[in-house]
There are 2 protein chains.
Amino acid sequence: MEAEGSLQQAVLPAPIGCRVREVLDRVGDKWSVYVICQLGESPRRFTQLRKEVDGISQRMLTVTLRGLERDGLIHRQVFPVVPPRVEYSLTPLGRTLLCTLAPVLDWAATLSVRMS
Amino acid sequence: MEAEGSLQQAVLPAPIGCRVREVLDRVGDKWSVYVICQLGESPRRFTQLRKEVDGISQRMLTVTLRGLERDGLIHRQVFPVVPPRVEYSLTPLGRTLLCTLAPVLDWAATLSVRMS
DNA sequence: CAGGATCCAATGCGATACTG
DNA sequence: CAGTATCGCATTGGATCCTG
């Protein structure tokens, strides 16, 4: 990689496009970012997430959580009790992603205001 | 909206998740970000983009460009000549998005290194 | 050159039913 | 409670052919 400096500029080296795609392939689906934002507040249980992430099906919550776990963005902790209790939380890596996403959130918010 | 302050924190208010989805719905498809990165370098013609954005079909390039244009992220300029000449470029809004995306690029790059 | 139109395959996702 | 398994629909995207 030849240019790692001023990423503040609007003009970026081309190969970076692929990099973005890597990220988008991870969190660019319908629910991942939504779930990450929820876990950003505090650890959550399965059913709790299902209520908070509006409209998500039980299947997709499972699929999404599995994917995020496999990518090392969230941690899954099982408590060996009955009834089962499973808590999901962001890993340090997941938190860095959430931080990284913040400017994008901000951009989206600004855009929403303009388009009202 | 109740919290518009410190977006630098890892903990973000929940409703923001929807905001991210708005953005992801716009540029979270397979090719948009890729095209935006290319146009970030300089204006491009259709065929030129098709060569640079590796693997994109002619149909998807058309669809992607139309979408970005409708969302006000890129500008389409037609030169009334034969053979036709059409140039695409980022709008100011598109450039702000590209800037916003920079940290995400950086994050992805770091991640790639770790996972090698 | 820069597309529009059409057809088809792959995937994403929701609904539903069942389980330790 | 926290899942797994199966089905079927809707969307996405690629290939191909055609045009001003």
Side-chain angles (χ1 to χ4, degrees), chain A residues 17-18 20-39 42-71 73-90, chain B residues 17-18 20-39 42-71 73-90:
Chain A
C18 330
V20 190
R21 279 242 47 83
E22 291 176 25
V23 185
L24 289 180
D25 285 342
R26 287 162 179 272
V27 300
D29 63 347
K30 191 171 181 181
W31 302 107
S32 287
V33 175
Y34 219 126
V35 169
I36 289 175
C37 284
Q38 289 300 324
L39 295 183
S42 75
R44 298 285 152 101
R45 297 180 61 181
F46 188 88
T47 302
Q48 193 179 1
L49 278 174
R50 199 179 162 183
K51 289 176 192 164
E52 292 173 341
V53 179
D54 198 58
I56 196 171
S57 66
Q58 163 259 31
R59 177 183 123 84
M60 285 316 296
L61 180 53
T62 300
V63 170
T64 300
L65 289 171
R66 291 290 176 274
L68 293 175
E69 185 190 8
R70 183 176 35 76
D71 290 341
L73 296 172
I74 69 174
H75 176 67
R76 178 171 182 268
Q77 182 173 15
V78 182
F79 297 88
V81 297
V82 284
R85 176 187 183 90
V86 180
E87 261 188 22
Y88 295 92
S89 55
L90 289 185
Chain B
C18 330
V20 190
R21 279 241 46 84
E22 290 175 27
V23 186
L24 289 180
D25 284 342
R26 285 163 180 272
V27 300
D29 63 349
K30 191 170 180 181
W31 301 109
S32 288
V33 174
Y34 220 127
V35 168
I36 288 175
C37 284
Q38 290 300 324
L39 295 182
S42 76
R44 298 286 152 102
R45 297 180 60 181
F46 189 88
T47 303
Q48 193 179 0
L49 278 174
R50 200 180 161 182
K51 288 176 192 164
E52 293 173 341
V53 179
D54 197 58
I56 196 171
S57 66
Q58 166 258 31
R59 177 182 125 83
M60 286 317 296
L61 181 53
T62 301
V63 171
T64 301
L65 289 171
R66 291 289 176 274
L68 293 175
E69 185 190 7
R70 184 174 34 77
D71 291 341
L73 296 172
I74 69 174
H75 175 66
R76 179 170 182 267
Q77 182 173 15
V78 182
F79 298 88
V81 296
V82 283
R85 176 186 183 91
V86 180
E87 261 187 24
Y88 296 92
S89 56
L90 288 186

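Letters A, B, ... are given to chains in the order of the sequence lines, protein chains preceding strands, and every chain is numbered from 1.
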> Nearest to the side chain of B:R59 - C:dG14, D:dG14, C:dG20?
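Among the listed nucleotides, the one closest to the side chain of B:R59 is D:dG14.
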> Of all the choices, D:dC1, C:dC13, D:dG13, which nucleotide is nearest to the side chain of A:M60 once you look at every atom?
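Comparing D:dC1, C:dC13, D:dG13 against the side chain of A:M60, the answer is C:dC13.
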> Do you know the tightest heavy-atom contact between A:L39 and A:Y88?
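Where A:L39 meets A:Y88 most closely, the heavy atoms are CD2-O, 3.5 Å.
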> Check the pair A:V35 / A:I74 against side chain to side chain contact (heavy atoms under 4.5 Å, CB included), numbers first and verdict last.
CA-CA 10 Å; A:V35 169; A:I74 69 174; 5.6 Å; no
> Does B:T47 make a side-chain N or O approach to OP1 or OP2 of C:dA2 shorter than 4.0 Å?
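Yes, B:T47 has a side-chain N/O under 4.0 Å of OP1/OP2 on C:dA2.
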> Could you give me the CA-CA distance, side-chain angles and deciding distance for B:L65 and B:R76, then say whether side chain to side chain contact (heavy atoms under 4.5 Å, CB included) is met?
CA-CA 9 Å; B:L65 289 171; B:R76 179 170 182 267; over 6 Å; no
> Look at the side chain of B:Q58 against the base of D:dG13 and say whether a donor-acceptor pair falls under 3.5 Å; ignore hydrogens and angles.
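Answer is no: no donor-acceptor pair is held.
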> Just the rounded figure in Å: distance from P of C:dA2 to CG of B:L49.
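Atom-to-atom, B:L49 to C:dA2, this comes out as 9 Å.
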> Looking only at the side chains, is there a donor atom on one of B:R66 and B:T64 sitting less than 3.5 Å from an acceptor on the other?
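On atom types as modelled, these side chains do not qualify, holding no pair under 3.5 Å.
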> In whole angstrom, give the distance that lies between atom CG of B:L65 and atom C1' of C:dC1.
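In whole Å, C:dC1 C1' lies 14 Å from B:L65 CG.
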> Rounded to the nearest angstrom, tell me the gap between atom CD1 in B:I56 and atom P in C:dG3.
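Taking atom P of C:dG3 as the reference, CD1 of B:I56 is at 12 Å.
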> Would you mind reading off the distance between A:D54 atom CG and C:dG14 atom C1', rounded to a whole angstrom?
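That distance rounds to 14 Å.
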> Expressed in angstrom and rounded to an integer, what is the separation of B:L24 atom CG from C:dG12 atom P?
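So the two atoms are 16 Å apart, to the nearest Å.
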> Tell me: CD of A:E69 to C1' of D:dG3, nearest whole Å?
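That distance rounds to 13 Å.
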> Are OP1 or OP2 of C:dG14 and a side-chain N or O of A:K30 less than 4.0 angstrom apart?
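It does, given that an N or O in the side chain of A:K30 lies less than 4.0 Å from OP1 or OP2 of C:dG14.
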> Mind listing the closest non-hydrogen atom pair of A:R26 and A:S32 along with its distance?
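Where A:R26 meets A:S32 most closely, the heavy atoms are O-OG, 3.8 Å.
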> Looking at C:dA2, I'd like to know if its phosphate oxygens (OP1 or OP2) sit under 4.0 Å from a side-chain N or O belonging to B:R44.
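Checking B:R44 against C:dA2: no side-chain N or O falls below 4.0 Å of OP1 or OP2.
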> For B:R66, report the nucleic acid contact type (base, sugar-phosphate, nothing); a contact means any heavy atom under 4.0 Å.
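Counting heavy atoms under 4.0 Å across all strands, the contact made by B:R66 is with sugar-phosphate only.
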> Does the side chain to side chain contact (heavy atoms under 4.5 Å, CB included) test come out yes or no for B:F46 and B:V86, once each step is laid out?
CA-CA 7 Å; B:F46 189 88; B:V86 180; 5.6 Å; no
> Base, sugar-phosphate, or nothing: which does B:R50 touch, judged by heavy atoms less than 4.0 Å apart?
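No contact.
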> Return the value, rounded to whole Å, for the distance between atom CG of B:D29 and atom P of C:dG12.
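In whole Å, C:dG12 P and B:D29 CG are 14 Å from each other.
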> Taking atom C1' of C:dC1 as reference, at what distance in whole Å does atom CD of B:Q77 sit?
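So the two atoms are 16 Å apart, to the nearest Å.
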> Once you apply a heavy-atom cut-off of 4.0 Å, does A:T62 come out as touching a base, just sugar-phosphate, or nothing?
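Base, at least one base atom sits under 4.0 Å.
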> Does D:dG3 have OP1 or OP2 under 4.0 Å away from a side-chain N or O of A:Y88?
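Checking A:Y88 against D:dG3: at least one side-chain N or O falls below 4.0 Å of OP1 or OP2.
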> If you round to the nearest 0.5 Å, how far is CD of A:Q58 from CZ of A:R50?
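The CD atom of A:Q58 is 5.5 Å from CZ of A:R50, to the nearest 0.5 Å.
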> If we fit an axis to the first five pairs and another to the last five of the helix from C:dC1-D:dG20 to C:dG20-D:dC1, what angle do they make, to the nearest 10°?
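Inter-axis angle at the termini of the helix from C:dC1-D:dG20 to C:dG20-D:dC1: 50°.
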> Report the C-alpha distance between B:K30 and B:M60 in whole Å, list the side-chain angles of each, state the deciding distance to 0.1 Å, and finish with yes or no for side chain to side chain contact (heavy atoms under 4.5 Å, CB included).
CA-CA 9 Å; B:K30 191 170 180 181; B:M60 286 317 296; over 6 Å; no
> With heavy atoms under 4.0 Å as the rule, sort A:F79 into base, sugar-phosphate or nothing.
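Result for A:F79 = nothing.
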